[in-house]
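Below is one structure, written out as structure tokens; comments come after it.
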Amino acid sequence: MKRTAAICAIVATILSALSCGQAARKAETPVYLDESRPIEERVEDALSRMTLEEKVKILHAQSKFSSAGVPRLGIPDLWTTDGPHGIRPEVLWDEWNQAGWTNDSCVAFPALTCLAATWSEEMSALYGKSIGEEARYREKDVLLGPGVNIYRTPLNGRNFEYMGEDPYLASKMVVPYIQEVQKNGVAVCVKHFALNNQESLRHEYDAVIDDRTLNEIYLPAFKAAVQEGGAWSIMGAYNLYKGQHLCHNQYILNDILKKEWGFDGAVISDWGGCHDTDEAITNGLDLEFGTWTDGLTMGATNGYDAYHLADSYLERLRDGRASEDVLNDKVRRVLRLNFRTAMRKDKPNGSLCSPEHYDAARKIADEGIVLLKNEGNILPISRKAGSRILVVGENALKMMTVGGGSSSLKVQREILPLDGIRAAAGEGVTVDYERGYVGDVSGSYNGVVTGQDLSESRSAEELINDACKKAAEADAVIFIGGLNKSRHQDCEDSDRLGLGLPYGQNAVIEALAKANPNLAVVIISGNAVAMPWVDNVNAIVEAWYCGSQSGIALADVIFGDVNPSGKLPMTFPVKLEDNGAHHLGAYNPESRTANYSEGIFVGYRWAQKQDIRPLFAFGHGLSYTSFGYSEASVSKTKMAADGTVTVSVNVTNTGDREGKEIVQLYIGDDEASVERPVMELKSFRKVSIKPGETVKVSFEVNADMLKYYSEENGGWTLEKGVFTAYIGAASDDIRTSVKFSVR
């Protein structure tokens with residue numbers, strides 16, 4: 001294992017010191033090896049012992065996923081791994097192809113859209129703890145995730161890896177994930193910093209955005225990751241901002257991240273995100289990976305020493321074109337990352353594919369699945385003996401853990417929706433299946449193969465007819481469709497081509513609705529989809545990509561073993577033009593300029609500004625019980641600029657079963673001197689309430705929650721005046737409000 005070489009090197013270093021005379025024999029352990037010493041002392045000690053060549057060597061990759069240590073000093077290599085939903089299988093040293101290991105399978109946790117849909121910091125902590133343990137067991141030092149780029153357009157192929165459209169929600173959800181991962185001695189690498197909101201021309205487009213929008217919408221989750229979560233590394237984005245690639249960007253990396261926010265970790269390039277030696281040196285990049293070489297297989301001229309932070313950097317240092325002070329700052333950051341991870345001796349052992357991790361994946365999925373519609377109480381489905389359930393749709397039996405880009409996984413097991421439903425239905429209930437439509441029958445990514453045979457000989461018309469014949473005879477019908485992780489769906493390196501469902505699914509759903517009114521439509525996706533059939537279907541569920549336990553979790557909700565409590569972390573528009581970027585023509589997949597013309601009006605902010613009724617609103621999600629809200633109250637009607645007020649509401653479970661409600665606090669500035677959203681999410685609480693029980697939910701409001709970013713002042717500004725606190729079950733379901741003023 002990689003640690004063995006490091007231990008041998010440490011022993012050799014100590015033995016060498018002990019052999020150099022009486023003074024050396026009496027010397028204590030070198031400071032950099034002494035974990036009882038402050039980490040900054042250790043960093044400075046190691047730095048002072050390194051040669052110029054050794055300093056440069058640790059700033060770039062030595063393989064696809066590792067960078068060099070300092071063998072002479074016993075400092076081990078750093079090993080990274082793709083996330084953020086599971087630990088990527090091992091690849092060959094210089095290639096993307098599989099290494100052929102038999103012990104590198106993992107648990108696939110739900111996609112981060114599902115985690116965000118839990119609105120639960122407890123679930124985020126559980127997620128981080130579990131995936132951190134898997135990374136630790138596999139001896140990984142840096143987990144390449146989580147992702148917190150804002151959901152600007154529903155066409156972004158990588159939205160499923162992020163945490164929704166609202167900066168506050170993403171900020172609150174990312175912090176526990178980071179903290180729990182890093183307790184395992186594994187660093188997170190929060191990505192993709194920043195403005196990486198589309199996959200089209202992702203290496204080429206230059207984001208044009210005003211400072212207010214940048215600071216209010218696109219930076220807060222990253223700032224929380226650094227200042228509250230304590231992230232040890234951050235990954236630069238592929239795209240450009242102010243004409244500079246974001247893996248070496250003076251304003252974003254140096255001015256904001258390192259100086260303004262005080263980030264002391266390492267900036268890591270996305271694979272192939274570094275393009276210029278001089279900019280890489282001066283503009284904030286610390287550790288370079290994947291610069292479009294094929295390692296040693298292409299020969300020395302294309303090897304890792306040809307990276308921008310390799311021989312080219314060394315030459316500039318030797319001839320005086322580059323400053324050693326800048327070099328030492330980079331080295332300090334990489335050493336700090338190493339000492340926090342690879343060099344840390346007291347790390348837990350971790351665990352892989354444990355029962356606890358499968359249980360965690362199921363719990364997160366249970367809390368993230370969103371019940372969008374349930375007229376006539378179609379759900380939960382009865383398990384009455386002798387009843388017949390028909391499941392229709394390719395996504396009921398297609399593996400979703402393989403594909404989609406760098407988050408593709410090799411899982412120990414994946415419980416498919418059809419299998420989960422059949423297992424949960426119990427004896428005496430017949431569960432039949434019909435394909436309904438044919439989507440993507442392939443199933444491989446970088447050498448990981450699902451092994452599924454999804455071939456189909458029937459025509460589209462035959463598939464619909466066969467499904468409808470069985471639907472007419474069934475007691476309940478469950479259609480399981482949506483998107484998949486194929487190109488131009490939910491997939492890295494390509495955006496969707498439209499908002500609609502692919503593969504003719506709308507025709508299947510409409511035909512099934514006519515054949516049997518007891519139809520529940522389950523959408524598996526990481527993105528919003530259009531639903532032209534919404535008025536003809538009584539029950540709709542957003543089930544996300546839920547990983548290894550997807551089928552079990554879906555069955556938990558379908559049959560009512562779990563009362564759904566997830567809420568949407570993004571807006572589902574009726575049509576694409578209801579989204580701000582698309583309404584203004586500000587999303588153009590063929591343009592090398594991305595104009596953020598909608599400004600701060602992203603998601604529900606745009607819908608409320610334009611008075612557009614969404615298909616399903618941000619924060620929307622139903623339950624199998626119901627909740628009543630009392631009138632809101634405020635602790636005082638006037639707040640000092642340095643004070644707080646407490647806004648409270650009583651929430652009562654008015655139904656007949658226990659459930660969890662996500663109580664959401666939005667605040668609007670009634671007298672703003674600048675244009676502001678009608679209201680913005682500022683806090684939330686997820687509370688479990690028994691039937692007939694009333695729970696008091698209180699939110700403390702402080703001045704920072706009321707500020708906007710002033711471009712004129714170059715900072716955050718609080719204005720006096722009247723504010724309204726809105727409390728509700730969704731952004732379009734405000735139950736009560738109360739006003740207060742700021743003096």
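- Side chain of Y545 to backbone of D490: no donor-acceptor contact under 3.5 angstrom is found.
- For the pair D264 and R340, the salt-bridge criterion is met [side-chain N within less than 4.0 Å of a carboxylate O].
- Cation-pi contact between R413 and Y358: present, with separation from the ring centre below 6.0 Å and deviation from the ring axis of at most 45°.
- At distances below 3.5 Å, not a single donor-acceptor pair connects side-chain atoms of E90 with backbone N or O atoms of D104.
- The ring of W93 has its center no closer than 6.0 angstrom to the ring center of Y304.
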Applying side chain to side chain donor-acceptor pair (under 3.5 Å), run through T401 and E414 and close with a yes or a no.
CA-CA 8 Å; T401 55; E414 178 179 349; 2.6 Å; yes
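- Without hydrogens or angle criteria, E204 side chain to N239 main chain gives no donor-acceptor distance under 3.5 Å.
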Pair W79-F289, ring-ring contact (aromatic ring centres under 6.0 Å, His included): steps then yes or no:
CA-CA 11 Å; W79 284 83; F289 275 92; 9.9 Å; no
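- Judged purely by distance below 3.5 Å, without hydrogens or angles, the side chains of N446 and R88 pair a donor atom with an acceptor atom.
- A salt bridge does not link R49 with E54: none of the charged nitrogens is closer than 4.0 Å to a carboxylate oxygen.
- Of the possible polar contacts, one joining the S233 side chain to the V188 backbone as a donor-acceptor pair under 3.5 Å is found.
- Taking the six-membered ring where the residue is Trp, the centroids of Y238 and H203 are separated by under 6.0 Å.
- Between the side chains of S525 and R496, not a single donor N or O lies within less than 3.5 Å of an accepting N or O.
- Note on ring orientation: taking the six-membered ring where Trp is involved, the planes of Y307 and H60 are tilted (angle from 30° to 60°).
- The closest donor-acceptor contact from the side chain of K330 to the backbone of A266 lies at 3.5 Å or more, if one exists at all.
- A distance of 10.5 Å separates CZ in R336 from CG in L47, rounded to the nearest 0.5 Å.
- No hydrogens or angles considered: nothing links the side chains of D325 and N328 as a donor-acceptor pair under 3.5 Å.
- In this structure a side-chain-to-backbone donor-acceptor pair under 3.5 Å is present from D45 to V31.
- With respect to E133 and K129, a salt bridge is recorded, a charged nitrogen being found less than 4.0 Å from a carboxylate O.
- Taking 4.0 Å as the cut-off between side-chain N and carboxylate O, D305 and K57 count as a salt-bridged pair.
- A side-chain N or O of Y162 and one of H192 form a donor-acceptor pair less than 3.5 Å apart.
- For the pair Q452 (side chain) and M399 (backbone), a donor-acceptor distance under 3.5 Å is present.
- Taking CG of L92 as the reference point, atom OG of S63 lies at 10.5 Å (rounded to 0.5 Å).
- In this structure, K242 forms a cation-pi arrangement with Y251, its terminal cationic atom sitting closer than 6.0 Å to the ring centre and no more than 45° off the ring axis.
- By the 30° and 60° cut-offs, the orientation of the rings of W96 relative to F65 is perpendicular.
- Checked by atom type and distance alone, the side chain of H85 pairs as donor or acceptor with a backbone atom of L112 at under 3.5 Å.
- Checked by atom type, the side-chain pair N527/N159 shows a donor-acceptor distance below 3.5 Å.
- For the pair R42 and F339, the cation-pi test (distance below 6.0 Å, angle within 45°) is passed.
- The closest side-chain donor-acceptor pair between S200 and D495 falls under 3.5 angstrom.
- Checked for salt-bridge contact, R202 and D493 meet the test: a charged N lies under 4.0 Å from a carboxylate O.
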